[in-house]
Number of protein chains: 2
Amino acid sequence: MNALSSDARLSLYQRLRDRLAQQIANNQWRPGDAIPTEAALSTEYQLSTGTVRKAVDALVNEGILERKQGRGTFVRRPQFQSSLFRFFRFQTAAGERQVPESRILSIEPVLAPTAVAQALELPADAPVIRIVRVRLLDAQPILAEQIWLPRARFRALLDINLGQEGPLLYPIYEKVCGQVVAYAEETLTAESVDEVHARLLQVPVNSPVVVIERLARDYAGAPLEWRRSRGHAELFRYSADVR
Amino acid sequence: MNALSSDARLSLYQRLRDRLAQQIANNQWRPGDAIPTEAALSTEYQLSTGTVRKAVDALVNEGILERKQGRGTFVRRPQFQSSLFRFFRFQTAAGERQVPESRILSIEPVLAPTAVAQALELPADAPVIRIVRVRLLDAQPILAEQIWLPRARFRALLDINLGQEGPLLYPIYEKVCGQVVAYAEETLTAESVDEVHARLLQVPVNSPVVVIERLARDYAGAPLEWRRSRGHAELFRYSADVR
DNA sequence: GAGTGGTCTAGACCACTCA
DNA sequence: GAGTGGTCTAGACCACTCA
């Protein structure tokens with residue numbers, strides 16, 4: 001048996017939701033782990049199953065947990081790969097979807113420029129790591145990315161050969177640095193491409209490109225990564241439901 | 001007392017959700033109307049309040065209903081104006097948000113081109129109405145729109161002076177034609193602007209523009225309107241959460 | 001003060017999973 | 001067959017709204 005400590009003005013299911021979210025943020029359960037069953041939680045916190053379900057429902061709706069009937073409730077491993085496909089229709093000539101290759105151009109310790117420090121909620125000139133890379137499909141560059149990471153959490157990245165890892169960074173962050181990306185906020189705009197990115201993307205200067213800024217956070221809501229990507233406008237397509 | 005008719009393999013709350021959605025689609029309740037109270041629904045369908053709540057919860061999550069504690073549950077009037085602001089940061093020099101003016105360039109009965117017929121789920125060459133207009137802020141054109149409507153439902157639009165109405169079309173659809181937009185699907189891309197739209201938007205040919213395609217549907221899910229809008233890339237900004 | 005949605009209880013029975 | 005989440009009941013009490 002256990003007591004819910006947070007603000008007693010909140011409802012019981014809200015307080016249980018907060019407690020569970022906090023335990024996930026503290027790595028008490030890792031992505032892929034099962035959390036206690038609904039029966040166990042209702043015994044532990046002396047709540048009815050309906051109230052426990054409401055707390056778990058909230059975290060399921062937030063994308064933090066997922067239920068599997070007959071098996072249990074699990075901490076969700078975010079599927080950023082599919083989110084990438086939502087934004088870009090990267091396809092081979094045969095029309096197949098595939099993860100674009102990654103070519104790392106540079107990775108180096110630098111001091112955070114103002115905009116980066118602000119996005120990562122760090123003091124001005126804080127130590128960060130900057131990665132520049134290009135994503136390719138069929139040897140064709142389709143996306144140019146600048147990535148910024150707080151150096152305190154990601155120092156281990158500087159000691160490995162990033163080029164020898166797979167094209168997806170988030171599994172590397174987890175394996176090498178123990179940092180798990182829980183969710184992200186993205187902002188989309190478009191612009192005329194400048195000379196530097198025109199060369200990287202092999203398109204004419206001033207052709208239209210889509211600009212995606214992404215701030216990734218951990219389960220506790222702390223900023224983990226800020227990136228700005230530029231991509232071919234013709235390859236870009238984003239869909240949304242509006243109500 | 002009343003019986004739920006739809007597929008008995010579905011759960012009770014799903015079937016009640018479907019029944020309520022169907023009644024809203026049939027205009028049994030209009031936007032702004034209250035639906036019966038939870039107690040009334042639970043008597044009418046012989047269901048416990050928990051089950052009724054689950055059905056109503058589903059429609060609230062879909063954005064079709066909204067609850068107001070102490071007052072009742074209401075059919076939601078979609079707030080497309082705010083969705084517009086999600087996509088474009090239209091601001092006056094003073095930084096205030098405002099609805100852009102509308103200047104109608106043409107409204108005429110035509111036969112649907114293939115792409116339009118397909119989007120509106122009409123046969124090829126079906127009769128439609130095409131509206132071309134420009135949206136302006138501080139007398140500056142910021143958005144050029146082509147709008148297509150099925151003529152059978154919107155014939156009354158041809159008999160009024162659209163230029164004398166307000167800048168928002170959806171209230172006009174409702175008032176003049178009795179057609180209510182329930183939700184919409186939007187797709188975003190970017191491109192280099194062609195000569196025609198460069199002139200409309202008063203930007204240089206080949207400068208980057210954002211292209212938004214929107215298919216609006218009624219509560220029954222039938223297509224009501226298809227539009228394609230082109231806007232200044234510098235004025236465009238879209239945000240999304242990714243999990 | 002009557003009526004509304006919001007939270008919560010203490011279960012029962014079911015469908016699904018897995019050894 | 002034991003354990004899990006999914007659905008459902010029949011309420012109780014509360015906070016809020018409005019005449």
Side-chain angles (χ1 to χ4, degrees), chain A residues 1-21 24 29 31-77, chain B residues 1-21 24 29 31-77:
Chain A
M1 164 154 163
N2 208 325
L4 290 171
S5 49
S6 66
D7 193 338
R9 291 169 303 182
L10 295 175
S11 60
L12 291 173
Y13 82 86
Q14 270 289 359
R15 290 156 70 193
L16 178 57
R17 179 230 157 268
D18 291 349
R19 160 68 71 103
L20 294 173
I24 293 164
W29 309 297
D33 287 355
I35 67 165
T37 68
E38 299 183 347
L41 290 172
S42 97
T43 304
E44 180 176 1
Y45 293 101
Q46 297 286 301
L47 296 170
S48 77
T49 59
T51 303
V52 169
R53 277 193 77 77
K54 242 187 132 168
V56 173
D57 276 345
L59 291 168
V60 169
N61 283 333
E62 291 171 58
I64 291 175
L65 295 178
E66 64 185 326
R67 289 207 177 87
K68 298 185 182 175
Q69 192 181 358
R71 295 187 51 207
T73 301
F74 299 82
V75 178
R76 188 155 169 257
R77 189 177 297 276
Chain B
M1 166 155 163
N2 209 325
L4 290 172
S5 49
S6 67
D7 193 339
R9 291 168 304 182
L10 295 175
S11 59
L12 291 173
Y13 82 85
Q14 270 289 359
R15 290 157 69 194
L16 178 57
R17 179 229 157 268
D18 291 350
R19 160 68 72 103
L20 294 173
I24 294 165
W29 308 298
D33 287 355
I35 67 165
T37 68
E38 298 183 348
L41 290 172
S42 96
T43 305
E44 180 177 1
Y45 294 101
Q46 297 286 300
L47 296 169
S48 78
T49 59
T51 303
V52 170
R53 276 193 78 77
K54 242 187 133 168
V56 173
D57 276 344
L59 289 168
V60 169
N61 284 333
E62 292 170 57
I64 290 175
L65 296 177
E66 64 185 326
R67 289 208 178 88
K68 297 185 180 175
Q69 191 180 357
R71 295 187 51 207
T73 301
F74 299 82
V75 178
R76 188 156 169 254
R77 190 177 298 276

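Being a predicted model, the structure only gives us computed values, none of them experimental.
- Side-chain atoms of B:Y45 and B:R19 include a donor-acceptor pair closer than 3.5 Å.
- When each of A:L47 and B:R71 is assigned the nucleotide of DNA chain C bearing its nearest heavy atom, the one mapping closer to the 5' terminus is B:R71.
- Chain B approaches DNA chain C over the interval C:dG3 to C:dT7, counting the first and last nucleotide 5' to 3' with an atom under 4.0 Å from its heavy atoms.
- Minimum interatomic distance between A:T51 and A:Y13 (heavy atoms only, all atoms of both residues): O-CB, 3.7 Å.
- Across all their heavy atoms, B:R76 and B:E66 have their closest contact at CG-OE2, 4.0 Å.
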Pairs under 3.5 Å (Watson-Crick or G-U), crossing ones as [ ], inter-strand ones as |: DNA chain D comes out as ||||||||||||||||||.

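- Closest of all the heavy-atom pairs between B:T43 and B:Q46 is O-NE2, 3.1 Å.
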Verdict with supporting geometry, A:L47 and A:E38, side-chain contact (heavy atoms from CB on, under 4.5 Å): CA-CA 10 Å; A:L47 296 170; A:E38 299 183 347; over 6 Å; no

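- Here the closest non-hydrogen pair linking A:P36 and A:W29 is CD-CZ2, 3.5 Å.
- Taking B:E62 as the reference, B:R17 meet the side-chain hydrogen bond (donor to acceptor under 3.5 Å, both in side chains) condition, with sequence neighbours excluded.
- Shortest non-hydrogen contact noted between A:L20 and A:V56 is CD1-CG2, 4.5 Å.
- Within 4.0 Å of B:T73, counting heavy atoms only, lie sugar-phosphate atoms of the nucleic acid but no base atom.
- Mapped onto DNA chain C by nearest heavy atom, A:K68 and B:G50 fall at different nucleotides, with B:G50 at the one closer to the 5' end.
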